[in-house]
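All values below come from the heavy atoms of this structure, side chains included, with hydrogens, waters and symmetry mates left out. This chain uses plain numbering: 1 for the first residue, then up along the sequence. Each ligand, and each atom within it, is numbered from 1 in the order the structure gives.
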Amino acid sequence: MSANELRDDCLVLGIESSCDETAAAIVAGGRRILSSVVASQTEIHRKYGGVVPELASREHLRRIVPVVREALEQAHVSMSDLGAVAVTHGPGLVGALLVGVTYGKVLASALGKPLIGVNHLEGHVHAVFLEAHASGRTPNLPAVCLIVSGGHTILYHVKREGTNGAEQFSYARIGGTRDDAAGEAYDKVARMLALGYPGGPIIDRLAAHGNPQAVRFNEPKMSGNVFDFSFSGIKTAVLYHLRRHPQLEPEIEARSHALARGDSSADALRALSSAATLDLIASFQRAVVDNLVSRTFAAAEKHSVRTLLVSGGVAANSELRRTFEAEGKRLGLEVYFPSRALSTDNAAMIAAAGYARFMAGERADATLNAEANLPLA
Ligand code: KG4
Ligand code: ZN
């Protein structure tokens with residue numbers, strides 16, 4: 001068997017518990033997803049309108065063993081077939097991360113398998129490559145990568161490093177949010193408008209029925225790095241808009257009641273939303289998307305790259321995808337997204353990132369720790 005075949009056969013178990021998804025996956029050769037199990041805690045955090053760290057840790061503890069077992073079963077492999085165990089050790093909620101890190105350490109040590117610590121953000125970068133490889137494509141590097149989720153909005157310059165068959169990258173930070181992440185703005189605006197949690201998917205659906213030009217949101221005024229983002233201003237602008245339009249209050253109350261009854265479907269909430277509310281939602285989304293797209297393309301121009309990678313929960317947004325694709329076509333740049341399932345948090349991306357680091361000879365030991373603010377660059 002050649003070295004390459006051996007690598008293709010190398011099975012990595014990925015474990016992810018940085019926020020509110022308990023996830024495990026088996027990936028072969030860093031590219032082929034044999035299983036990807038995600039246990040979402042959305043139902044638990046929904047009534048609080050956001051992730052409650054203590055509840056997240058408790059749920060991870062409850063779910064991690066069955067989730068890993070299911071990933072192995074779905075892939076038809078046993079623990080002894082594994083080549084390595086890769087676990088997210090940051091950034092994220094420290095109590096949540098600790099569950100995955102502790103479990104990964106104990107498992108790797110009990111099995112006598114190598115342990116790899118993975119940066120969650122690098123996982124999001126690898127999600128794009130997993131998807132591209134599945135459709136027989138390989139993004140040309142260097143690239144600019146936008147990671148946009150509930151916890152992050154950050155731009156990296158990504159270069160290829162090493163040529164031993166695995167995708168190894170180096171990163172330089174170009175810019176990032178100075179306040180809220182874009183997904184956080186979606187979630188907070190959804191909360192103000194009583195649209196349920198998480199806010200991104202429902203705003204995505206409802207925005208299609210509104211006029212995105214109806215409400216004007218000013219570009220945030222910022223000095224310093226032109227590639228930084230700010231989303232707290234737009235959230236406040238939505239709040240002021242609602243204060244100036246008290247006639248929208250009764251429908252907010254009606255939607256609150258619907259949510260309390262468990263009626264959180266897009267159709268139910270749309271039926272309880274006036275044209276003015278749908279216009280506000282569409283305009284909010286347009287402003288966020290324009291902000292993300294314009295800075296990402298400007299960063300690509302500055303760094304003379306022809307490839308854009310977009311990943312993270314908000315990369316599932318239809319308007320964001322449409323706009324990136326249209327601009328990419330217009331300017332002759334390649335734009336890559338993961339599928340929606342690989343955009344949001346999952347462990348296949350952690351296994352893929354772990355595989356590359358494993359091939360590069362990296363190994364973690366018993367000192368591996370959860371690091372809430374672990375930087376990628
Ligand atoms: O990557 P992710 O699963 O977790 C974090 O690392 O944060 O992202 C979750 C975020 C939430 O804020 C959610 O509202 C947002 O992604 N999101 C979306 C969409 N689907 C999820 N935002 C906009 N449009 C969507 N379709
Ligand atoms: Zn994430």
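In this structure, Glu325 does not pair ionically with Arg321, as no charged nitrogen and carboxylate oxygen lie closer than 4.0 Å. With respect to the salt-bridge test (charged N to carboxylate O, under 4.0 angstrom), the residues Glu249 and Arg244 do not qualify. In this structure, Glu334 does not pair ionically with Arg137, as no charged nitrogen and carboxylate oxygen lie closer than 4.0 Å.
Taking both residues in full, the closest heavy atoms of Gly83 and Pro114 are given as O-CD, 3.2 Å, listed atom of the first, atom of the second, then distance. Closest of all the heavy-atom pairs between Gly50 and Tyr197 is CA-CE1, 3.7 Å.
Residue pairs meeting the side chain to side chain donor-acceptor pair (under 3.5 Å) criterion with at least one partner in residues 279-288, sequence neighbours excluded, are Tyr186-Gln285, Gln285-Asn317, Arg286-Asp290, Arg286-Glu319, Arg286-Thr323.
Distances from the Zn ion (ligand 2) under 2.8 Å pick out these protein N/O/S atoms: His120 NE2, His124 NE2, Asp345 OD1.
Of all the atoms in ligand 1, the ones that sit under 4.0 Å from a non-hydrogen atom of Pro198 are 14 (O). Atoms of ligand 1 found under 4.0 Å from any heavy atom of Gly151, numbered from 1 in the order shown, are 7 (O). The atoms of ligand 1 that sit less than 4.0 Å from any heavy atom of Ser149 are 1 (O), 5 (C), 6 (O), 7 (O), 8 (O).
Nearest non-hydrogen protein atom to atom 14 (O) of ligand 1 is Asp187 OD1, 2.8 Å. Protein heavy atom nearest atom 18 (C) of ligand 1, with residue, atom name and distance: Gly200 CA, 3.4 Å. The nearest heavy-atom contact from the protein to atom 3 (O) of ligand 1 is Asp345 N, 3.1 Å.
Residue-ligand proximity: His124 is placed with a non-hydrogen atom under 4.0 Å from ligand 1. Contact annotation: Cys19 has no heavy atom less than 4.0 Å from any atom of ligand 1.
Remark: Gln168 CD to Met359 CE distance equals 9.5 Å, nearest 0.5 Å. Interatomic distance, CD1 of Ile350 versus OG of Ser18, reported as 7.0 Å (0.5 Å rounding).
Judged purely by distance below 3.5 Å, without hydrogens or angles, the side chains of Asp267 and Ser265 never pair a donor atom with an acceptor atom. For the 3.5 Å distance criterion, the side chains of His60 and Asp20 fail to qualify, holding no donor opposite an acceptor.
Geometrically, ligand 1 and Gly183 share a nitrogen or oxygen pair separated by less than 3.5 Å.
You'll find the side chain of Val101 stays beyond 4.5 Å of the side chain of Ile15, heavy atoms only.
Which of Ser40, Gly150, Ser311 comes nearest to atom 10 (C) of ligand 1 through a heavy atom is settled by distance: it is Gly150. Of the candidates Gly313, Ser318, Gly50, Ala315, Gly313 brings a heavy atom nearest to atom 16 (O) of ligand 1.
Contacts of Asp204 with ligand 1, taken as heavy-atom pairs under 4.0 Å, involve the side chain alone. Counting heavy atoms closer than 4.0 Å to ligand 1, residue Asn317 contributes atoms from both its backbone and its side chain.
Ring geometry, Phe227 versus His303: the interplanar angle falls from 30° to 60°, so the pair is classed tilted.
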